[in-house]
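Proteins get letters first, then strands, A, B, ... in listed order; numbering begins at 1 in each.
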There are 2 protein chains.
Amino acid sequence: MSDLLERLRGRGWRLTAQRRVVAEVLDGDHVHYTADEVHARASERLPEISRATVYNTLGELVSLGEILEVSTDGRAKRYDPNAHHDHHHLVCSRCGTIRDVHPAGNPLSDLPVVERFGFTVTGVEVTYRGTCPSCTDV
Amino acid sequence: MSDLLERLRGRGWRLTAQRRVVAEVLDGDHVHYTADEVHARASERLPEISRATVYNTLGELVSLGEILEVSTDGRAKRYDPNAHHDHHHLVCSRCGTIRDVHPAGNPLSDLPVVERFGFTVTGVEVTYRGTCPSCTDV
DNA sequence: TCCTACATCGGACTTTGTCTAAGTCAAGAA
DNA sequence: TTCTTGACTTAGACAAAGTCCGATGTAGGA
């Protein structure tokens, strides 16, 4: 992920302590934090960091295509650093846990032209819902 | 949709003017209103209806499986009365318009067991994203 | 008609996110 | 190294969407 910082600098980003910390929090796969969780974790390393900066930085990373925004429940959006590998999501309806999954097939080609209503279709998200093992056992 | 009211009464629902109006607003297919839009339309017929009641009623209809909750953008949830026919959604990234679509194939069977991580998978939503004809022309 | 459990009301509150004005600082220039 | 400047950050006000609560109203059975 450290080359993420280099890539961003190459695009004219100013490399500040705040941005570095946000990027570090998102480092690692299979992590789907809300903006608040990112802020909490960033604050551990940089206590003065403000919410506005976290929101700004996340928004910029999304525009740059470095992370994905995922809104699975109409509550807080989650941020997915695994933006460079095609995948979809499996969400626990009880606790909200998210796993990355890789279904077979290509849903984009499953949408016939007559079902596109003149839209220019650019992407597709598949969200599986269910109950995770810990929530099932309860 | 009038038999919806009968069905609900059969389940012990008290039939109030407010609930009747909310159900009537959602009548008709291919409608995806936000809670606020439902409230605005319900208010035209029943000016005293409160937001809390609209939220309560929508929540109950969702629990009863009579309508679907759709959150495509992390902003206001939308409510889809077309709950009894399998379908997915095509969303315009610019104006938020939603169309019901019916892709080929069954995404549920596309998720291999090893990709289920012990979850009990109960459903799947496919959201196509793109630009609708009016927004493309601009 | 009367009763009462269930529904509704309005408004306060919470959560999530955006905006702004003032202050700060990264990085190139000298 | 120090200076300069415009991009970045901050705290807090604000906004949108949704939830909660005590008081009041009413649908539907007795």
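- The interatomic distance linking A/Arg19 (CZ) with C/dA26 (P) rounds to 12 Å, in whole Å.
- Distance from the side chain of A/Thr53 is smallest to D/dT9 among C/dA7, D/dT9, C/dT16.
- Summarising the geometry, the separation between OH on A/Tyr55 and P on D/dC14 is reported as 19 Å, rounded to the nearest angstrom.
- Checked for salt-bridge contact, A/Arg11 and A/Glu66 meet the test: a charged N lies under 4.0 Å from a carboxylate O.
- When rounded to the nearest whole Å, the span between NZ of B/Lys77 and C1' of D/dT19 equals 11 Å.
- Note on A/Arg20: nothing from the nucleic acid sits closer than 4.0 angstrom, heavy atoms only.
- Using a 4.0 Å cut-off, some side-chain N or O of B/Gln18 falls inside it from OP1 or OP2 of C/dC9.
- Note: A/His87 and A/His102 have tilted aromatic rings, judged against thresholds of 30 and 60 degrees for the angle between ring planes.
- At a threshold of 4.0 angstrom between heavy atoms, the contacts of A/Thr16 are confined to the sugar-phosphate backbone, with no base atom among them.
- A straight line from CG of A/Leu58 to P of C/dT16 spans 14 Å, rounded to a whole angstrom.
- Side-chain N or O atoms of B/Thr34 include none that pairs as donor or acceptor with a backbone N or O of B/Ala76 at under 3.5 Å.
- What separates CH2 of A/Trp13 from C1' of C/dA26 is a distance of 14 Å, to the nearest Å.
- Look at CG on B/Asn56: it is 15 Å from C1' on C/dG11, rounded to the nearest Å.
- Taking the side chain of B/Leu15 as heavy atoms from C-beta on, and the options D/dG28, D/dA17, D/dT10, the nearest nucleotide is D/dG28.
- As judged by a 4.0 angstrom heavy-atom cut-off over every strand, A/Arg75 is placed among residues touching the sugar-phosphate backbone only.
- A donor-acceptor contact under 3.5 angstrom links the side-chain atoms of A/Arg51 to the base of C/dG17.
- The CG-P distance, from A/Leu5 to C/dA26, rounds to 14 Å in whole Å.
- Spacing between atom CG of A/Asp73 and atom P of D/dG18 amounts to 11 Å, rounded to whole angstrom units.
- Ion pair B/Arg41/B/Glu44 not flagged as a salt bridge, since none of the NZ, NE, NH1 or NH2 atoms sits closer than 4.0 Å to an Asp/Glu carboxylate oxygen.
- Residue B/Thr34 is the one, among B/Ala17 and B/Thr34, whose nearest nucleotide of DNA chain D lies closer to the 5' end (criterion: closest heavy atom).
- Checked for salt-bridge contact, A/Glu115 and B/Arg99 miss the test: no charged N lies under 4.0 Å from a carboxylate O.
- The residue among B/Ala52 and B/Arg14 whose nearest nucleotide of DNA chain C is located toward the 5' end is B/Arg14.
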